[in-house]
Trainee: 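Starting off with a structure, shown below.
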Amino acid sequence: MVSKTKASTKKPAVKSNKQSITVADISQRIEHHLQFTMGEQSSANQKPAYWRATSLALNDIIVEKLQSTKARQNQNEAKSVNYLSLEYLMGRLLSNNLHNLGLYTNTEKALQKMGFELADLCEEGADLALGNGGLGRLAACFLDSLATLDYNAMGYGVHYQHGLFKQSFVDGHQIETPDMWREFGSPWEVCRLESSQTIPLYGHVEEIAQADGTTASVWHAGKMLKGVPWDVPIVGYNSQTVNALRLWECRADSAFDWDLFNNGDYLNAHQQQVAAETVSKVLYPNDEHDAGKELRFVQQYFFCACSVQDIIARFENQYGLISESKNWPTFCEKVAIQLNDTHPTIAILELMRTLIDNHNIDWDNAWGICQKVFAYTNHTLLPEALEKWSVALFERVLPRHLTILYRINEAFLNNDVEALWPNNDDMRRRLSLIEEGHERKVRMAHLCVVTSHKVNGVAQIHSDLVKQDLFPEFDQLWPTKLTNVTNGITPRRWLKACNPLLAELLDKTIDGDWAKDLNSLSELAKFADDATFQKKFMAIKHQNKIALTKEIKTLTGVTVSPDAIFDVQIKRLHEYKRQHLNLLHIIALYRRLLANPELDMQPRVFIFGAKAAPGYELAKEIIYATNKIAEKINNDVRIQDKLKVVFLPNYRVSLAEKIIPAADVSEQISTAGKEASGTGNMKLALNGAVTIGTLDGANIEIAEEVGDDNIFIFGLTVDEVKALDAQGYNSAEYYENNAEIRACLDWLDTDYFTPGNPGELSAVKRCFLEGGDPYKVLADFQTYANAHQALDSAYKNQQQWAKMAILNTALMGKFNSDRSIEDYVQNIWNLTPSV
Ligand SMILES: *Cc1c(COP(=O)(O)O)cnc(C)c1O
């Protein structure tokens, strides 16, 4: 039997808050903010006002806990990890903060008395969309886990005035508009003026001869920027800890510009202010692509310099001056810095510079410190995404940092490379931190690997490929440096908060707190064949599908049936993720249905969510084609209920939270070897979606966990992709030899989907043929279509399908981001919890 006595699994109470904060207490705090912070009349009953007042009331409680956490961490002298990331995809905070504090139910009651549904209020407020996709969301999940596990952690990021652009569709085309997440201020952030930083840049370096025969470098900066920190509290789930995410906003340095004001050049001084503010104005919207723009470079440096100065200031506050040699070992013992991809690489050069120039530490000791504190996470093997910055740009913006980089490179080539490969100019050229050529460039990833004591990939296959293909020589030089930490997701946001019906069923079924110990979900496996449990599980899926059906209607106007298979592909739009493989298969299904309206197939709704980088033309063509094909299919009475296609606009965390609980099928169909890990795959499987996917990234580990019977794997493997490349891939062969592929692609040249405008969708056909199909869509098409057929048959057996769905939820324990964090703690950071 499924049921169990609730009393036997009494959960540990949240020590500080749960009992002390009553419903009346919460009501009073909300009223207080309505009246005094916001100056609302008592007649005001608008949802936005109550959302804000509730958030402010909660943040008061949170900030108190943040202060007590800091005091405890300082007293324990707990080692801290400083997570440096240019992106944090936080989503909304109200619901998660309430769940993590254990205050959801009491707040719900308080608001009910005021005439509001908490679930409705949680829909108010913009997402904190300070990131592009998986990399930024990973940072957000990691902060949740660090606080949940009571580690001393600080997230550092940029306080973008505008986060990721908002997406809408006009006649099927993507339209981008600015994100206004804090137009009226965010209730979750606290300005920490006292921790502001002044950041030098531009200017020139003067070499001054010293009495001892050496030279000292003095940097005369040409410009100063001011960094103002905003702290967003990060609430641990059922833990003692609230950490901070510190986001840097750029302002002009007023002291620096004072002269301009005094000289009467008010307008020019104002210009300086405007110029400075552009540094933290926008998030660069390229996912997996290197933007290569000067402003982006300044943004990265500004962020790194503010963060490094702040890390040193916090250390000195607690342990004394870093310039004293007795304190250097303490710094290495107490501080870890994690670089989330190469975007914060300049932090290495900035720490070297400040230790040497500002804190009187000699070169060897400064380098020793950097090697001990830094570690680097690699997120991609795509060559176009490996960051390189021109030496000329470096020289202009950061002349002092460039001299430090040269010296690091010299020592690396002359000592490390020379020792293993003596007199080997080819090896020196390949490993150098500088890429020679008509434009000399700095290889940021090489600097990260040379400096860091650990370098990790984000799923086992990815880490293996980092060793084999990306950095084989570095692996030879330092055989223990390259390692793996498989990504994870927080089960608090991605199940407990976003799927309350399933969470409740799990509460009733599982002993202990699955939201903390996700491995305990494996207990579900024994109910996978239980007809009663299957019914409950699938009834919840159906409820969630009904809710999504309404959302789809609101967002697109399309009516879909909750009885159809909900087949979901949600992720940034990129050729390597192959939304166009999914699309090609949809066209093929449509053709088959037109040829045979009686075709035996389960009704299917294909659901897309994806933003394309504004400069990525082909990605935008794929969105347009999907929208046009969807329009035709959705209005074709001949196939009515068998096939629907919807592209939901403005994919973001809060939309993911609505789609994922309703998904039956999870599309994870990247070309093998291209997706480093993926985390969307984990979120969907955790919520009972069955994956159709390639042997790529974390899909491989998901398949290992759930077993081959509970996942649909298709397509070329990494080795087969490599073999095909070696032999020379010719996409035209697939076009010529596969009649279905040929018919589908030729259809795109007609005006069938774009009446009166033939050729409007031809770009999608061309990328497969003239474009050479670099991501091997045509090579994988047939096995993909076959896997879909197997999936369709499996769905016909509802008990079989329920079993698969349940086992997917049951066996996702490994992908808890708490496990990822414990891996980092054990292998890289060496932290102990602070309680
Ligand atoms: C999880 C998530 C991603 C990453 O999805 P992948 O399928 O791993 O690329 C991107 N965007 C949002 C909003 C997410 O929540």
Trainee: Going through the checks in order, is the side-chain hydrogen bond (donor to acceptor under 3.5 Å, both in side chains) test met by Asn152 and Ser834?
Mentor: CA-CA 7 Å; Asn152 181 3; Ser834 182; over 6 Å; no

Trainee: Heavy atoms only: give me the nearest Asn340-Ala139 pair and the separation to one decimal.
Mentor: ND2-CB, 4.0 Å

Trainee: Charged N to carboxylate O under 4.0 angstrom, Glu189 versus Arg246?
Mentor: no

Trainee: Could Lys166 and Asp179 be called an ion pair, given the rule that one side-chain N must be under 4.0 Å from one carboxylate O?
Mentor: no

Trainee: Can you see which heavy atom on Gly155 is nearest to which on Leu143, and at what distance?
Mentor: CA-CD2, 4.0 Å

Trainee: Is it the case that over 12 heavy atoms from other parts of the model lie below 6.0 angstrom from the CD atom of Glu64?
Mentor: no

Trainee: Let me confirm one number: the CG-SG distance from Leu225 to Cys306, rounded to the nearest 0.5 Å.
Mentor: 8.0 Å

Trainee: Which pairs pass salt bridge (charged side-chain N to carboxylate O under 4.0 Å, His left out) with one or both residues in residues 136-152, sequence neighbours excluded?
Mentor: Asp144-Arg492

Trainee: For Gln73 and Lys70, does a side-chain donor sit closer than 3.5 Å to a side-chain acceptor?
Mentor: yes

Trainee: Rounded to the nearest 0.5 Å, what separation is found between the CZ atom of Arg92 and the CG atom of Asn97?
Mentor: 13.5 Å

Trainee: Heavy atoms, side chains only, cut-off 4.5 Å: are Lys577 and His574 in contact?
Mentor: yes

Trainee: Would you check if the side chain of Thr148 reaches a backbone N or O of Gly236 as a donor-acceptor pair within less than 3.5 Å?
Mentor: no

Trainee: Give the intermediate values and the outcome of ring pair (Phe, Tyr, Trp, His ring centres under 6.0 Å) for residues Trp248 and Phe303.
Mentor: CA-CA 7 Å; Trp248 297 102; Phe303 158 67; 8.5 Å; no

Trainee: Do His159 and Val228 touch side chain to side chain, with heavy atoms closer than 4.5 Å?
Mentor: no

Trainee: Parallel, tilted or perpendicular: which fits the ring planes of Tyr104 and His99, with parallel below 30° and perpendicular above 60°?
Mentor: parallel

Trainee: Test side-chain hydrogen bond (donor to acceptor under 3.5 Å, both in side chains) on Asn238 and Asn100; report intermediate values, then the result.
Mentor: CA-CA 6 Å; Asn238 200 357; Asn100 283 10; over 6 Å; no

Trainee: Does Met224 offer a backbone N or O that forms a donor-acceptor pair with the side chain of Asp253 under 3.5 Å?
Mentor: no

Trainee: Under a 4.0 Å threshold between the charged nitrogen and the carboxylate oxygen, would Glu657 count as salt-bridged to Lys683?
Mentor: no

Trainee: Do Arg314 and Asn317 have side chains that get closer than 4.5 Å, going by heavy atoms?
Mentor: no

Trainee: Given the side-chain rings of Tyr156 and Tyr83, with only the six-membered ring counted for Trp, is the space between their centroids under 6.0 Å?
Mentor: no

Trainee: May I ask you to decide if Gln112's main-chain N or O and Glu117's side chain share a donor-acceptor pair within less than 3.5 Å?
Mentor: no

Trainee: Main chain of Thr198, side chain of Gln309: is a donor-acceptor contact present, judged purely on distance under 3.5 Å?
Mentor: no

Trainee: Is it true that Trp389 and His401 have ring centroids separated by less than 6.0 Å?
Mentor: no

Trainee: Check step by step if side chain to side chain contact (heavy atoms under 4.5 Å, CB included) holds for Ile312 and Leu351.
Mentor: CA-CA 9 Å; Ile312 292 177; Leu351 183 57; 3.8 Å; yes

Trainee: Looking at CD1 of Ile61 and CG of Leu103, how far apart are the two atoms once the value is rounded to the nearest 0.5 Å?
Mentor: 5.5 Å

Trainee: Side-chain contact test, heavy atoms from C-beta onward, threshold under 4.5 Å: evaluate it for Leu655 versus Leu648 and give yes or no.
Mentor: yes

Trainee: Does a donor on one side chain and an acceptor on the other come within less than 3.5 Å for Gln318 and Glu316?
Mentor: no

Trainee: Is it true that Arg251 and Glu249 have a side-chain N and a carboxylate O under 4.0 angstrom from each other?
Mentor: yes

Trainee: Between the main-chain N or O of Asp171 and the side-chain N or O of Asn627, is there a donor-acceptor pair closer than 3.5 Å?
Mentor: no

Trainee: Tell me if a side-chain donor or acceptor on Gln299 pairs with a main-chain N or O of Val282 at a distance below 3.5 Å.
Mentor: yes

Trainee: Give, for atom CG of Leu118 and atom OG of Ser95, the distance between the pair rounded to the nearest 0.5 Å.
Mentor: 7.5 Å

Trainee: For a side chain to side chain contact (heavy atoms under 4.5 Å, CB included) check, start with the C-alpha distance between Leu138 and Ile489, then their side-chain angles and the critical distance, and finish with the verdict.
Mentor: CA-CA 7 Å; Leu138 184 75; Ile489 54 165; over 6 Å; no

Trainee: Sub-3.5 Å donor-acceptor pair from the side chain of Asn681 to the main-chain atoms of Ser677, do we have one?
Mentor: yes

Trainee: Side chains of Asp60 and His32: is there a donor and an acceptor less than 3.5 Å apart?
Mentor: no

Trainee: With a 4.5 Å heavy-atom cut-off, do Trp494 and Val653 have their side chains touching?
Mentor: yes

Trainee: Look only at the side chain of Arg72 and the backbone of Gln240, and say whether a donor-acceptor pair between them is shorter than 3.5 Å.
Mentor: yes

Trainee: Would you say Gln338 and Thr377 make side-chain contact, with heavy atoms under 4.5 Å?
Mentor: yes

Trainee: Hey, mind stepping through Leu283 and Phe165 against side chain to side chain contact (heavy atoms under 4.5 Å, CB included) and telling me if it holds?
Mentor: CA-CA 9 Å; Leu283 166 75; Phe165 66 86; over 6 Å; no

Trainee: Is there a donor-acceptor pair under 3.5 Å between the side chain of Thr278 and the backbone N or O of Ala275?
Mentor: yes

Trainee: Is the backbone of Met180 close enough, under 3.5 Å, to the side chain of Gln161 for a donor and an acceptor to pair up by distance?
Mentor: no

Trainee: Nearest 0.5 Å, what's the CG-CG distance between Leu245 and Asp231?
Mentor: 8.0 Å

Trainee: Evaluate the side-chain proximity of Asp127 to Trp181: yes if any heavy-atom separation is below 4.5 Å, no if none is.
Mentor: no

Trainee: May I ask you to check whether Tyr824 and Phe142 place their ring centres under 6.0 Å from each other?
Mentor: yes

Trainee: Which atom names give the shortest non-hydrogen contact between Pro187 and Arg52, and what distance separates them?
Mentor: CD-NH1, 4.0 Å

Trainee: Indicate whether the side chain of Thr679 and that of Asn487 have a donor and an acceptor atom separated by less than 3.5 Å.
Mentor: no

Trainee: Relative to each other, are the rings of His173 and Tyr624 parallel, tilted or perpendicular (30° and 60° limits)?
Mentor: parallel

Trainee: For Trp230, is the NZ or CZ atom of Arg182 found under 6.0 angstrom from the centre of its six-membered ring and inside 45 degrees of the ring axis?
Mentor: yes

Trainee: Testing the basics here: between Thr380 and Ala385, what is the closest heavy-atom pair and its distance to 0.1 Å?
Mentor: CG2-CB, 3.8 Å

Trainee: Does Lys611 form a side-chain hydrogen bond (donor to acceptor under 3.5 Å, both in side chains) with Asn132? I'd like the steps, not just the answer.
Mentor: CA-CA 9 Å; Lys611 288 177 182 173; Asn132 273 291; over 6 Å; no

Trainee: Checking side chain to side chain contact (heavy atoms under 4.5 Å, CB included) for the pair Arg652/Gln167: CA distance, chi angles, key distance, verdict?
Mentor: CA-CA 10 Å; Arg652 62 199 188 285; Gln167 177 199 55; over 6 Å; no

Trainee: Could you check if a side-chain atom of His343 sits within less than 4.5 angstrom of a side-chain atom of Leu135, using non-hydrogen atoms only?
Mentor: yes

Trainee: Can Lys47 be said to sit on top of Phe116's aromatic six-ring, NZ or CZ under 6.0 Å from centre and within 45° of the ring axis?
Mentor: no

Trainee: Is Glu123 atom CD crowded by more than 12 heavy atoms from other residues, nucleotides or ligands, each under 6.0 Å away?
Mentor: yes

Trainee: I need the Ser307 OG to Phe302 CZ distance, nearest 0.5 Å.
Mentor: 8.5 Å

